[in-house]
Amino acid sequence: MSAPNAALREATETSAPLARTARLAALARENFHFIWRSLRRLGVSQGAVDDAAQQVFEVASRRLGEIEPGRERAFLFKSAILVAAEATRKAATQRARDGGDAVDELDTGLPNPEEATDWLRRRMLLDRVLAALPVDLRVVFVLFELEELSMVEIARLLDLPPGTVASRLRRAREAFHGEARRCRSLPSPDGDPK
Amino acid sequence: MKQPERLADAGADEFERGLLSSSHADAPSERAYQRTLASLGVGLLVPLGAASVAHGAGSSAAVTSKLGVAALGKWLVTGMALGAVTVSAVAVTGRARSTPPERVATEQAPMQRRDPSATTARSGSAAALAPPPAPREVPRPASEAVAPKRRPDTSARSAQPVPATPASSSPDGPEASEPLPSVPSVKRETELIGTAQRALQRGDGQSALDALERYRAEFPHGALGPEARLLGIAALLRTGQRDRARTVAADVIAREPTGQEAAAARALLQKSDRP
């Protein structure tokens, strides 16, 4: 091998791991919060969401070479959907095994107990409402209503035609209204209907 | 594509808006973020606090800046300290088995980190020191790994005013025949470094410097020398000794410009330079 080629090979071998690490770092920096929130809103409990987020990024790390540049977030989000599905399935199995209706512990971060209680109740009800939506509708609902992405961004992220996104959002909203109505009639902890 | 209005802005009643707004508090903890970075082995490449600033997670820039230096020290110390324990164990094992020097990858299996019991352990009083260790490679023989020798120029080092850097005033690393540190000594090292780190977290730079001085006195060739040096930089910055911090950082960077320790030193200086 000629000297320039040897130098090129050495440079490539040296820089490849660095480039990979840099890409991975950027991937985490730009997407960790989004993926964490998405997992939480896709049904992963507060107690399991840290691990689930880590799992998503570890999958990305293992398959980094397969991720098309510019499509990192889409890859991560699709992984998050799968990880969330698995996590919620496991949680449901565990609840069934325990024979109870385990309440997820939420760290409210609010110093005022009343505020915390109110927020906690609303957050748990939101979990319940979202859990009632079919996954394909829930994903679009979460991305549009909670993550506040545009329709175009959602279509790009999910590789869906824009019309499909619009249709799913419409149906998701109908389902959300229906479930919210149902939850509204549930008694609050003090016995009053909310 | 026609952009519909958000439900929270139009179409939702008060109850539904309450449900939707309850999700605004959804945000990961800094520990979760750091843990994931550590599992990916990219912690040093992603400045602490960057994500919370970039994503508006509710922390002000001032708070982020204030916490940044301490958090960097925390992450480095915890990850590397736990790694050092592993190094020590590897060293002891290596000595017992008389194995030849080889690269020792000590990456912890992801599923182990996701073990609920491990999470529980981290939630206790030792939480501040207990993010999972970053994936580490120990490219030195065990006998060197426990007392790194990275400084070729000892005369320059002895001239440096670096009170908070334990290894800085020592001569070259230990002789080859020097006994390997025992597990208790590594534990003591970790305690001292932890004391310095906690002091920094409290914003008490002077106490951190004192703890590092004790560390240097007890462990002139300690296994946690790199951690002590980085904490020393942070502590000097915290106490307003910017020039001395720069001197120490320059020394660290010069020793191994492309290493992780140098990258961390640069990050500390850059963070302190921000208004």
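Quick caveat, the model's predicted, so the values are computed rather than measured. Just the heavy atoms: all of them, side chains too, but no hydrogens, waters or symmetry mates, feed the values below. Naming convention: chains lettered A, B, ... in sequence-line order (proteins, then strands); numbering from 1 in each chain.
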### Message
One pair to check against side chain to side chain contact (heavy atoms under 4.5 Å, CB included): B/Leu7 and A/Phe141. What are the steps and the verdict?
### Response
CA-CA 10 Å; B/Leu7 208 51; A/Phe141 185 88; 3.8 Å; yes
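Under the 3.5 Å distance criterion, the side-chain polar atoms of A/Arg122 are left unmatched by any main-chain donor or acceptor of B/Ser21.
Between A/Thr21 and B/Gly41, the closest heavy-atom pair is CG2-O, 4.3 Å. Here the closest heavy-atom approach between residue A/Ser150 and residue B/Arg6 is recorded as N-NH2, 4.3 Å. Of all heavy-atom pairs between A/Ala180 and B/Leu19, the closest is CB-CD1, 4.3 Å. Considering all non-hydrogen atoms of both residues, A/Arg29 and B/Tyr33 come closest at CA-OH, 3.5 Å. Heavy atoms only, all atoms of each residue included: B/Pro4 and A/Phe144 are closest at O-CZ, 3.2 Å. For the pair B/Gln3 and A/Met151, the tightest heavy-atom approach, listed with the atom from each and the gap, is OE1-N, 3.3 Å.
No hydrogens or angles considered: nothing links the side chains of B/Ser23 and A/Arg37 as a donor-acceptor pair under 3.5 Å.
Taking the charged nitrogens against the carboxylate oxygens, B/Asp26 and A/Arg123 do have a contact shorter than 4.0 Å, which makes a salt bridge.
In this structure, chain B has a heavy atom under 4.5 Å from the side chain of A/Leu169, while its backbone stays farther away. In this structure, chain B has no heavy atom under 4.5 Å from any part of A/Val49. Heavy-atom distances place the backbone of B/Glu5, and not its side chain, under 4.5 Å from chain A. With a 4.5 Å cut-off on non-hydrogen atoms, B/Asp13 touches chain A through its side chain but not through its backbone.
Side-chain contact check for A/Trp36 versus B/Thr36: every heavy-atom pair is 4.5 Å or farther apart.
Taking a 6.0 Å sphere around CZ of A/Arg171, one finds it holds more than 12 heavy atoms contributed by other residues, nucleotides or ligands. Within a 6.0 Å sphere centred on CD of B/Glu14, heavy atoms belonging to other residues, nucleotides or ligands number 12 at most.
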